[in-house]
Amino acid sequence: MTNIFYNAYKRCGYSGKIMMSAYFITAMLIVASTIIVIFQFEAWHFGTASPASLQLLVTVMLPLATILLAAGLFAEEFSGQLFALIWTYPFTPGRLLLERLSLLLMLMVLQLALAIVSIYWSPAQLSLQQLWEIAYLAWPTHLFLAGLSLMCSLLGRGALAGLAGGLIFWLAETITKGTWTKALFLFQPVWPRDQVATSDNRLLLISGAVACFVLAYGIFQLGRRYLIGKEEGN
């Protein structure tokens, strides 16, 4: 049992090194920029650092980092055309995907935690209850965009496909304010629609995220069969 956890830890560390791509670096720059804006919100005359304005930063701006992290989950394999090598590893591809997903979720939690801690130490002086509410309302948006970006990257066999899928959906939501997605509106906590209950919106976003992750796993398995068949045909 100890060896299993140790090997999983080593593989996660290896996957973490592989994920250190331009997508990861850009995502960290967005996180850093968000934190700077949180501290300088009033000093730069963006307005009053109220719970609503800080909710906007965490729910609308920070998810751009999530999109980059999810889209770049297999960026190195795609860029080097090494995706077929995944099925030569001495463990199942499904386990590799789950390990990368675990790393992705940990990074998402970390970036959200950094933003919340920054708000806590910022001049806004929000209560712990307000901080919890900001994180609680923002998490489904991050989760859905992560699932969508990962699914698109595997479907399009490239990190750019995942990036395009996540950014197009994000941009459409910021422009239309949920006109066409309705109950699946990404930014309900920021620009609430009266026709949609926040609890229903959270449930749909989380369900959509789970569906995207399941579809990503399916695409991963179908890609395995395709690649093996192609090699055998050669």
Side-chain angles (χ1 to χ4, degrees), residues 16 19 23-38 51-75 97-98 100-120 126 130-154 159 162-174 177-178 181 183-192 196 198-217:
M19 288 170 61
Y23 292 90
F24 177 84
I25 295 171
T26 307
M28 293 304 100
L29 288 175
I30 291 174
V31 174
S33 300
T34 303
I35 291 173
I36 292 171
V37 171
I38 287 171
S53 58
L54 295 171
Q55 183 78 64
L56 185 146
L57 289 176
V58 177
T59 309
V60 179
M61 182 176 176
L62 193 59
L64 291 173
T66 297
I67 292 172
L68 283 161
L69 288 173
L73 209 59
F74 291 97
L97 180 61
L98 292 177
R100 295 282 177 95
L101 282 177
S102 298
L103 282 173
L104 173 63
L105 291 174
M106 285 190 288
L107 289 172
M108 289 167 58
V109 170
L110 177 61
Q111 70 180 18
L112 187 58
L114 287 173
I116 296 302
V117 170
S118 300
I119 294 173
Y120 178 77
L126 300 187
Q130 289 172 315
L131 293 172
W132 165 252
E133 185 175 351
I134 289 174
Y136 178 78
L137 293 175
W139 180 247
T141 299
H142 286 259
L143 204 60
F144 180 84
L145 286 173
L148 178 65
S149 300
L150 174 60
M151 182 187 69
C152 289
S153 71
L154 292 176
L163 187 62
L167 285 178
I168 288 172
F169 196 91
W170 178 89
L171 183 61
E173 290 286 73
T174 58
K177 302 292 192 299
T181 51
L184 200 62
F185 182 33
L186 282 178
F187 309 127
Q188 176 72 11
V190 179
W191 300 300
V196 181
T198 301
S199 58
D200 293 340
N201 174 256
R202 280 180 52 81
L203 180 60
L204 282 173
L205 284 175
I206 293 173
S207 300
V210 172
C212 286
F213 285 128
V214 171
L215 286 172
Y217 185 84

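These values consider heavy atoms only, across backbone and side chains, with no hydrogens, waters or symmetry-generated copies.
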What one should report as the nearest heavy-atom pair of Leu148 and Gly166 is CD2-CA, 4.4 Å

Do Leu205 and Leu184 touch side chain to side chain, with heavy atoms closer than 4.5 Å? yes

Quick one, Pro189 and Thr198 - any side-chain contact, counting heavy atoms below 4.5 Å? no

With a 3.5 Å distance limit and no angle check, can you tell me whether Asn201 reaches the backbone of Val196 through a side-chain donor-acceptor pair? no

Got a donor-acceptor contact below 3.5 angstrom from the Gln111 side chain to the Val31 backbone? no

Nearest atoms (heavy-atom pairs only) where Val37 meets Met61: CG2-CE, 4.5 Å

For Ala71 and Ser153, work out which heavy atoms get closest and say how close. O-CB, 3.9 Å

Going through the distances and angles, do Thr26 and Leu64 end up as a side-chain contact (heavy atoms from CB on, under 4.5 Å)? CA-CA 10 Å; Thr26 307; Leu64 291 173; over 6 Å; no

Give a yes or no on whether the backbone of Val58 and the side-chain of His142 come within a donor-acceptor separation of less than 3.5 Å. yes

Derivation and outcome, side-chain contact (heavy atoms from CB on, under 4.5 Å), residues Ile116 and Ile134: CA-CA 8 Å; Ile116 296 302; Ile134 289 174; 3.9 Å; yes

Roughly how far apart are Met28 CE and Leu114 CG, rounded to 0.5 Å? 8.5 Å

Among Phe187, Phe213, Phe169, the one residue meeting ring-ring contact (aromatic ring centres under 6.0 Å, His included) with Phe144: Phe169

Short question: side chain of Trp139, backbone of Ile206 - any donor-acceptor pair under 3.5 Å? no

Beyond-backbone contact of Trp170 with Ile67, side-chain heavy atoms, under 4.5 angstrom: yes

Is the shortest side-chain heavy-atom distance between Val210 and Leu143 below 4.5 Å? no

Any heavy-atom pair between the side chains of Leu154 and Tyr217 that's under 4.5 Å? no

Does Ser149 reach the main-chain N or O of Ala146 with its side chain, forming a donor-acceptor pair under 3.5 Å? no

Can you check whether Leu204 reaches Phe185 side chain to side chain, under 4.5 Å on heavy atoms? no

Expected output: side-chain Arg202 to main-chain Tyr136 donor-acceptor under 3.5 Å: yes

Less than 4.5 Å apart, any side-chain heavy atom of Leu137 and any of Thr59? no

